[in-house]
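Just below is one structure, and these are the notes that go with it.
When a ligand or atom number is given, it counts from 1 through the structure's own listing order. Computed from a prediction, not measured in an experiment: that's the story for all the values here.
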Amino acid sequence: MYYYYDDQNVLQGPYSNSALQKWFQKQYLPAGTLVYDKYMQPFLIEYVVNRSLKSRTKVMFHDDTFNLDRTNLDVTLHLCSPELSNTTSSSEDFTQLEGGVDEVDFGRGFDYIEQRALLNRRRRFPDTYCPFENTWNNWVPEPIEMNVALRGAIHTHNMVQTFDERIISGYLNFLNIYPHPCQLCDVKFSNSKEMLEHFLSVIHIQRSYKTGGTFSYIDLYCARKIIYEVEMSYADKNFDFLADDVHFQSRKMSFFDEFDILTAFESLKSTVAVSQGVPLLSPPRNTLDTLGYVEAVVFLRVFQEKYKRMPEALRGRRFGPTGKTWCNYCKVEFDATFLESFPTHLFSEEHIDNALYNGVSRADMEYWLSFMEPLMNGNCKRVRHQDRVEVSLQESDFPLCYVPVGRVEGDFSYTGKDMQPVLKYVSDEIAASFDLLDDYKYRTTCRWCRTDLFTRNGVLRHILHDKCHLDRLNSVSNDDLRRLLCSLDIKIRVPLFRQSKRTSSPMDVKEKKFYLQRLRNVCSKKLNNFFSSHQRSTLSQLAARSFPVGLVNRCDLCDVTIDRVDAMIMHLSSEQHIANLIESPRISNNDVQYWLTIFNVDGRRSRVF
Ligand SMILES: [Zn+2]
Ligand SMILES: [Zn+2]
Ligand SMILES: [Zn+2]
Ligand SMILES: [Zn+2]
């Protein structure tokens with residue numbers, strides 16, 4: 001059962017999957033619409049609809065000791081049959097098994113491949129994971145012994161043989177698995193079916209184990225899942241995956257492809273400072289940003305491979321805060337001053353456990369892969385002389401960089417002890433809505449500190465976090481902050497300019513009309529003062545002592561952008577805004593009180609920070 005928000009932002013539901021399916025097909029709820037389960041976890045509607053159309057794959061858990069919360073998994077729990085555990089320890093002669101293995105232990109599995117096809121299109125990096133192709137390092141969850149791997153692989157191999165080459169190869173291509181040589185055995189293949197059959201062969205698996213790696217239940221589960229999917233498509237006579245347009249594009253370019261090594265590292269360091277954390281050391285912010293379980297494991301391996309291919313010299317470079325870096329998963333501090341200390345923690349047993357349990361952020365992973373991609377093989381752009389041309393920026397071009405010039409009328413500043421909480425608020429807002437993969441070249445020099453800066457994030461880090469710069473700053477202009485937030489597309493809203501959280505107590509219409517009228521009277525009085533007696537300072541004083549009111553740049557209820565402090569007060573008492581407030585079902589008494597307190601009504605002192 002799922003819920004969704006209608007045009008009026010009212011929660012509708014619960015509705016069944018088939019209802020969603022119907023509305024999705026009729027475009028009444030188009031792709032991209034968010035629907036919510038009973039725990040109010042968001043999902044894309046196409047994901048929910050596709051999932052209900054897909055197979056009812058049975059999944060076996062082989063190990064009760066794993067600490068995953070199974071209530072979140074859309075899978076059926078099966079216990080392993082007793083005869084299964086007997087057979088695994090039987091013969092070492094696997095050629096006997098090739099005739100028929102009908103019961104195989106498939107371990108713990110997840111609805112990985114159901115998600116893959118959907119998520120691949122939204123990813124910057126396609127994964128090219130083919131089960132049983134490459135062994136894993138010792139950090140992989142649930143490694144399996146060779147005889148277990150062989151039994152599962154042979155069983156799957158026998159199934160693959162029964163499929164039409166065009167169908168199974170087509171399905172593998174749909175999963176981004178295209179024919180390529182086996183590096184280990186040095187064999188070439190003419191199609192994906194042939195290739196998969198090789199990876200599932202006794203010779204390939206035995207050779208793989210001899211190199212010291214291991215396979216995992218993930219390989220078994222994913223191989224099994226491919227078989228189920230193809231069987232289902234035969235049963236339903238649905239071969240949509242053979243269409244041309246299912247193939248996703250190759251890797252998207254990132255700004256790192258344009259950076260030289262120096263700039264790339266500056267950007268990384270700055271991003272770590274501005275986002276207030278090292279990517280991959282915190283759980284994802286939401287479900288949509290969370291990699292699927294197996295997807296996360298696959299990408300961790302990709303991370304490791306890319307890191308190994310980075311030149312030694314680059315691994316010793318600085319990237320994080322000096323001394324201690326905090327891992328939000330493991331709740332420990334470790335020294336990540338230099339790049340090489342990062343993977344040591346990332347691939348520690350404790351961290352892998354914690355990260356897979358709490359989820360890994362897709363944005364964070366894509367950030368690291370984008371960063372390493374051009375640095376591997378020393379492919380990173382050489383610093384050419386013309387790249388070094390310094391852009392001469394006029395003062396006030398970048399907010400907070402220099403003493404503001406050309407003051408905006410009605411503008412005001414925060415000074416003295418007010419500055420620190422203001423800057424902290426702004427830094428936190430920026431960190432909270434920071435798009436990691438969003439940086440660009442911005443060569444400039446801070447004239448105060450005589451510091452060269454190379455990227456946009458470098459400038460942000462400098463003005464918000466570098467001590468040398470903050471020590472010189474003795475006043476912050478409100479207009480500067482507004483321009484800064486606006487340039488980063490960060491929306492600041494306060495009560496009555498946004499929908500309240502649904503937990504607060506809503507008012508009935510009569511009560512609401514009474515309070516809003518009262519608020520409007522107060523507003524008009526302020527505005528009258530403002531226009532009649534030219535007390536331009538009144539509003540700025542009001543905004544200055546009721547931070548962050550001076551930064552509000554957006555009204556969600558009316559869907560408008562607000563460009564100045566006085567425009568905001570005018571908007572608050574406008575006909576349109578009041579009408580929208582009356583209509584909105586989620587305006588609470590606290591929202592109105594917030595403003596009455598600012599206007600110093602009800603005998604309360606105005607809120608100062
Ligand atoms: Zn091979
Ligand atoms: Zn950790
Ligand atoms: Zn500076
Ligand atoms: Zn409004």
Side-chain angles (χ1 to χ4, degrees), residues 9 130-135 146 149-150 153 157 179-189 192 194-211 213 215 219 270 273 393 395-404 423 442 444-454 458-474 476 480 491-500 516 519-520 523 549 552-563 567-584 586-587 591-592 595:
N9 239 324
C130 182
F132 289 106
E133 177 175 1
N134 296 310
T135 53
M146 188 171 74
L150 279 167
H157 184 274
H180 55 268
C182 174
Q183 302 280 351
L184 185 67
C185 313
D186 196 19
V187 203
K188 287 199 177 81
F189 311 101
S192 298
E194 205 179 281
M195 180 177 73
L196 181 62
E197 283 175 345
H198 170 78
F199 294 146
L200 294 168
S201 70
V202 173
I203 184 152
H204 175 81
I205 289 175
Q206 281 182 332
R207 192 171 278 152
S208 296
Y209 273 91
K210 273 186 197 134
T211 63
F215 288 110
D219 293 287
S270 302
L393 288 174
E395 286 190 353
S396 82
D397 259 12
F398 202 99
L400 294 183
C401 224
Y402 310 109
V403 187
L423 284 174
Y442 200 102
T444 187
T445 305
C446 177
R447 297 187 201 175
W448 276 356
C449 313
R450 299 183 194 284
T451 304
D452 291 333
L453 302 161
F454 301 93
V459 178
L460 282 177
R461 181 200 64 192
H462 182 69
I463 61 174
L464 294 170
H465 299 279
D466 278 4
K467 196 170 178 306
C468 63
H469 191 83
L470 292 174
D471 284 349
R472 287 182 169 92
L473 205 63
N474 51 30
V476 184
D480 254 11
K491 297 175 178 70
I492 305 293
R493 287 148 293 197
V494 288
L496 296 190
F497 283 74
R498 63 174 179 222
Q499 295 283 359
S500 292
L516 289 176
L519 185 64
R520 209 176 171 192
C523 268
V549 162
V552 170
N553 54 15
R554 167 97 195 144
C555 174
D556 281 349
L557 300 165
C558 310
D559 192 18
V560 292
T561 306
I562 292 159
D563 56 355
M568 184 197 54
I569 301 290
M570 276 194 270
H571 182 78
L572 183 62
S573 63
S574 70
E575 295 278 348
Q576 178 64 55
H577 184 69
I578 298 283
N580 283 344
L581 283 173
I582 303 261
E583 261 181 43
S584 167
R586 283 189 277 131
I587 297 299
D591 297 343
V592 179
W595 279 97

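Excluding waters, the set of protein N, O or S atoms lying under 2.8 Å from the Zn ion (ligand 1) comprises Cys182 SG, Cys185 SG, His198 NE2, His204 ND1.
In this structure the side chain of Asp559 reaches within 4.5 angstrom of the side chain of Arg554, judged on heavy atoms. Taking the side chain as every heavy atom from C-beta outward, Leu196 and Phe132 never approach each other to under 4.5 Å.
With the Zn ion (ligand 4) as vertex, Cys555 SG and Cys558 SG subtend 120°, rounded to 10°. Around the Zn ion (ligand 3), the two atoms SG of Cys446 and NE2 of His462 are separated by an angle of 110°, to 10 degrees.
Between Phe497 and Trp595, the ring planes are tilted. Angles from 30° to 60° get that label.
Atom ND1 is the N, O or S atom of His577 at the shortest distance from the Zn ion (ligand 4). The atom of His469 nearest to the Zn ion (ligand 3) is ND1, with the search restricted to N, O or S atoms. Residue-level check: among N/O/S atoms of His571, NE2 sits closest to the Zn ion (ligand 4).
Between Glu194 and Lys188, no side-chain nitrogen of the basic residue sits less than 4.0 Å from a carboxylate oxygen of the acidic one, so the salt-bridge criterion is not met.
Checked by atom type and distance alone, the side chain of Arg498 pairs as donor or acceptor with a backbone atom of Arg493 at under 3.5 Å. Between the side chain of Ser201 and the backbone N or O of His198 there is at least one donor-acceptor pair closer than 3.5 Å.
The environment of CG in Asp471 is crowded: more than 12 heavy-atom neighbours from other residues, nucleotides or ligands sit within 6.0 Å.
Here the shortest heavy-atom pairing between His577 and Cys558 reads ND1-SG, 3.4 Å.
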